[in-house]
There are 2 protein chains.
Amino acid sequence: MNLKQLAKELNLSFSTVSKALRDSHEISTDTKKRVLAKAKELNYQVNPLASSFRKQKSLTIAVVIPEVVNDFFGPVINGIESIAQEKGYHVLIYLTHEDMQKEVAITQLLQNGRVDGIMMSLSEQTSETTHLEALKEKGIPLVFFDRTVDQPDAPKVTTDDYNCGIKATEHLIENGCKQIAFLSISQHLSISNKRMNGYLEALKKNNIKSDSALLVSCDSHDAKNNERIQELLKRENRPDGIFASVEKLAISTYKICEALRLNIPNDVKIITFSNSYTAPFLNPSLTTVTQPAYEMGREAAAVLFKLIEKKKPASPMENIVLNSVLIARNSTKSELAR
Amino acid sequence: MNLKQLAKELNLSFSTVSKALRDSHEISTDTKKRVLAKAKELNYQVNPLASSFRKQKSLTIAVVIPEVVNDFFGPVINGIESIAQEKGYHVLIYLTHEDMQKEVAITQLLQNGRVDGIMMSLSEQTSETTHLEALKEKGIPLVFFDRTVDQPDAPKVTTDDYNCGIKATEHLIENGCKQIAFLSISQHLSISNKRMNGYLEALKKNNIKSDSALLVSCDSHDAKNNERIQELLKRENRPDGIFASVEKLAISTYKICEALRLNIPNDVKIITFSNSYTAPFLNPSLTTVTQPAYEMGREAAAVLFKLIEKKKPASPMENIVLNSVLIARNSTKSELAR
DNA sequence: TTTATTTACGACAACGTTGTCGTAGGTTTT
DNA sequence: AAAACCTACGACAACGTTGTCGTAAATAAA
């Protein structure tokens with residue numbers, strides 16, 4: 001069932017039918033009603049492939065993220081999807097698996113009108129940005145969220161990672177930690193660096209000498225990370241506080257503490273960025289900095305649709321910063337009886 | 001940059017160029033090389049919208065699921081995406097939010113060639129299946145996974161829910177439970193019913209009278225669920241074992257036990273279906289039946305692509321059943337000192 | 001009444017690609 | 001040497017829709 005057949009049924013030209021369906025002012029209300037009724041009767045729906053092709057608009061956006069097995073990106077997708085559904089858009093998901101090569105390959109795929117806009121959160125490995133610049137040059141609406149990058153000047157939606165880095169570190173200090181380690185997740189990643197800078201700033205403010213031996217560089221290699229954390233906790237003068245930049249590192253630390261028979265929080269206190277809803281039920285319950293993931297998805301999608309619809313030349317690049325919240329739980333408690 | 005322009009640069013007709021790019025046998029190897037080289041030089045890529053339209057193939061599949069904020073659907077998507085990426089396909093995500101009306105609306109959207117195939121896991125509410133039959137009739141390749149339904153005879157990928165229902169219940173019995181409650185998540189949902197039937201069968205096998213008062217019907221209404229569970233645990237003869245059909249009900253139960261000062265596992269033991277990687281770190285660690293979510297995604301995607309590629313008339317409807325595994329932890333331990 | 005304007009519709013050309021068909025020139029077969 | 005057959009390419013018509021333009025008939029302005 002296509003336009004031509006529908007037009008034949010109605011004894012109208014197919015261009016008239018097309019216009020009637022799109023509520024053109026050129027068509028009388030009577031005819032519109034007739035067409036609409038017949039279209040419903042025969043269950044006519046426009047061929048989206050033909051329509052997209054003709055208009056060179058796919059009504060589709062792409063979401064490029066490192067992982068979906070994650071309590072953060074889940075709600076983000078949720079937020080994005082809710083806005084997209086309102087707007088009548090479709091959502092493509094691409095996973096980079098923290099692999100920059102995949103990220104490059106994906107951006108390559110998205111350069112030819114398959115999508116009307118792209119939302120990205122970068123992989124841990126992403127050090128170069130030429131593939132992102134390429135997207136920018138092609139004029140494809142692009143929004144970064146959470147894991148951003150400076151170079152392609154595109155709108156960004158992030159959380160107050162630097163301030164939360166300070167808050168998290170000071171929370172450990174307030175609870176008696178003297179030697180605080182920071183577990184970073186990437187050299188390149190904005191969030192990791194901002195959180196670390198907050199950590200360093202908090203140390204300075206509180207007159208604590210920062211010690212590079214307490215900066216543990218982790219990455220997407222879980223086994224390697226475990227070794228690094230284990231090495232850290234086996235040291236003679238092991239840290240009494242750990243600030244994990246992402247949740248998986250905190251969970252690894254839990255595992256290792258269990259193995260090493262270290263008590264949390266008495267031997268070592270732990271705080272992490274996390275969106276896990278099970279954090280309150282962990283043993284011990286985990287102190288977290290929790291990001292407004294769902295809202296982030298919604299905000300980022302809203303910004304993207306502004307770009308898509310208004311075709312704004314992206315002059316005053318929006319840079320939305322949402323606030324995360326620190327939720328203190330037992331993993332950082334100072335006076336917990338053993 | 002399109003075919004015509006590329007052809008002009010090469011002094012060839014655009015149909016020759018098109019054929020050369022698709023490695024047609026009609027074109028000499030010399031010409032192919034020239035064309036390929038020039039295409040790379042000028043960074044030509046086929047317009048996917050035009051190509052899809054012409055071939056009436058979108059190279060896209062849809063994944064329709066209830067939620068993504070969930071430790072199960074995350075890895076499933078991961079598995080699906082890994083296969084799709086191999087095949088050069090794109091993955092659209094649609095969330096029903098456990099709402100049948102949304103599910104119907106989404107299936108409506110997918111009837112017109114926007115996607116080459118669909119993978120679905122039904123919403124809790126889905127009682128009717130006319131919208132699914134419609135997809136079947138349109139001849140769109142369709143695969144159900146996890147939350148399936150009998151009526152549209154389509155391939156299904158599930159786990160051994162019935163057997164695991166038995167195993168989980170017997171695990172509680174073995175650990176001393178006499179009064180076991182079952183928290184179902186939907187009247188309609190295959191997984192909920194299969195798990196419940198396993199539960200009932202296990203009771204029968206062990207000569208325990210089943211009691212409808214111990215069958216708690218939950219749904220997507222979290223607050224209501226909490227009331228129901230609270231009511232259950234406040235009873236005079238409250239159950240000493242709880243079998244939650246999905247993880248979120250187990251977490252609710254944890255919360256309520258905390259509020260009611262009930263000790264898990266001494267006062268009440270808990271087992272649940274769950275894919276949360278934090279289960280071992282909960283307080284107490286949570287005994288789970290864990291589904292092979294990633295493999296399920298891969299299997300389901302593989303079946304879908306068989307349908308798409310072979311255009312098999314779906315005669316011997318595949319019905320793949322994967323095995324889940326019961327991991328005993330402290331939430332069901334019988335001899336845990338208080 | 002004549003001329004300008006609006007209303008409501010139809011004809012038609014794109015959009016970029018793919019696949020069918022036609023064919024000139026060369027190669028093999030009889 | 002004529003007939004049959006490849007080889008390698010070009011011409012062209014789709015695919016279904018959208019938007020521009022043209023134009024009768026109806027209405028309004030002169």
Side-chain angles (χ1 to χ4, degrees), chain A residues 1-39 42-60 88 90 109-116 138-139, chain B residues 1-39 42-60 88 90 109-116 138-139:
Chain A
M1 176 53 53
N2 59 22
L3 263 186
K4 260 178 216 162
Q5 296 171 39
L6 183 60
K8 194 171 281 176
E9 293 279 337
L10 286 157
N11 277 323
L12 287 169
S13 79
F14 70 96
S15 38
T16 302
V17 175
S18 169
K19 278 181 267 196
L21 288 171
R22 275 168 300 118
D23 201 31
S24 162
H25 65 273
E26 288 185 14
I27 307 299
S28 70
T29 36
D30 280 358
T31 308
K32 280 182 192 167
K33 271 186 211 161
R34 267 185 64 217
V35 171
L36 250 21
K38 200 74 178 178
L42 300 180
N43 192 29
Y44 168 81
Q45 287 178 265
V46 299
N47 181 324
L49 264 38
S51 182
S52 287
F53 165 56
R54 174 61 224 260
K55 295 194 285 190
Q56 293 293 325
K57 278 274 159 206
S58 61
L59 282 183
T60 304
H90 303 256
L109 280 179
L110 298 177
Q111 299 204 358
N112 278 67
R114 188 183 297 278
V115 295
D116 299 342
K138 287 251 178 182
Chain B
M1 175 55 53
N2 58 21
L3 266 186
K4 260 178 219 164
Q5 295 171 40
L6 183 60
K8 193 171 281 175
E9 293 279 337
L10 285 156
N11 277 323
L12 288 169
S13 80
F14 70 97
S15 37
T16 302
V17 175
S18 169
K19 278 181 270 196
L21 289 171
R22 275 168 301 118
D23 200 30
S24 162
H25 62 91
E26 288 185 12
I27 307 300
S28 70
T29 35
D30 280 0
T31 308
K32 280 181 193 167
K33 271 186 210 161
R34 265 185 66 216
V35 171
L36 252 20
K38 200 74 176 177
L42 300 180
N43 192 29
Y44 168 82
Q45 286 177 266
V46 299
N47 181 324
L49 265 37
S51 182
S52 287
F53 166 57
R54 173 63 223 260
K55 295 194 284 189
Q56 294 292 323
K57 278 276 159 201
S58 61
L59 282 184
T60 303
H90 303 256
L109 280 179
L110 299 178
Q111 298 204 359
N112 279 68
R114 188 183 297 279
V115 295
D116 298 341
K138 287 253 178 179

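Letters A, B, ... mirror the listed sequences (proteins, then strands); counts begin at 1. Every heavy atom of this structure was used, including side-chain atoms; hydrogens, water molecules and symmetry mates were not.
In this structure, A:M1 places its CE atom 15 Å from P of D:dC15, rounding to the nearest Å. The NZ atom of B:K55 sits 16 Å away from the C1' atom of D:dA14 (whole-angstrom rounding). Taking atom CG on B:D23 and atom P on C:dG19, their separation rounds to 13 Å, with Å as the unit. In this entry the distance linking CG of B:N47 with C1' of C:dG16 reads 6 Å, nearest Å. With rounding to whole Å, B:L49 atom CG is found 18 Å from D:dC15 atom P. In this structure, the CD atom of B:Q56 is 11 Å from the C1' atom of D:dT17, given to the nearest Å. If you measure from atom NZ of A:K8 to atom C1' of D:dG16, you get 15 Å, rounded to the nearest angstrom. Computed from coordinates, the A:K4 NZ to D:dT17 P distance equals 9 Å when rounded to whole Å.
Residues B:L21 and B:L3 are in side-chain contact: their nearest non-hydrogen atoms beyond the backbone lie under 4.5 Å apart. Inter-residue side-chain proximity for B:K38 and B:L6 is flagged as met; some heavy-atom pair is nearer than 4.5 Å. Proximity of A:R34 to A:L10: side-chain heavy atoms (C-beta onward) are separated by under 4.5 Å at one or more points. By the 4.5 Å heavy-atom criterion applied to side chains, B:V46 and A:N112 are not counted as neighbours. Side-chain contact check for B:R114 versus B:T60: every heavy-atom pair is 4.5 Å or farther apart.
Considering only side-chain N and O atoms, A:R22 lies under 4.0 angstrom from the phosphate OP1 or OP2 of D:dG19. Contact check, B:Y44 against C:dG16: no side-chain N or O comes under 4.0 Å of OP1 or OP2.
For residues 3-22 of chain A, every residue pair satisfying the salt bridge (Lys or Arg N to Asp or Glu O under 4.0 Å) rule, not counting sequence neighbours, is listed here: A:K19-A:E26.
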Check: protein-nucleotides 4-10 of chain C nitrogen or oxygen pairs below 3.5 Å:
unit_1 : atom_1 : unit_2 : atom_2 : d
C:dC9  : OP1    : A:T31  : OG1    : 2.6
C:dC9  : OP2    : A:S28  : N      : 2.9
C:dC9  : OP2    : A:S28  : OG     : 3.0
C:dC9  : OP2    : A:T31  : OG1    : 3.1
C:dC9  : N4     : A:E26  : OE1    : 2.8
C:dG10 : OP1    : A:S13  : N      : 3.3
C:dG10 : OP2    : A:S13  : N      : 3.1
C:dG10 : OP2    : A:S13  : OG     : 3.0
C:dG10 : OP2    : A:T16  : OG1    : 2.0
C:dG10 : O6     : A:K19  : NZ     : 2.6

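Under the 3.5 Å distance criterion, the side-chain polar atoms of B:D30 are left unmatched by any main-chain donor or acceptor of B:K33.
Put simply, A:F53 does not rest on the base of D:dC15: the two rings are not both less than 5.5 Å apart at their centres and under 30° in tilt.
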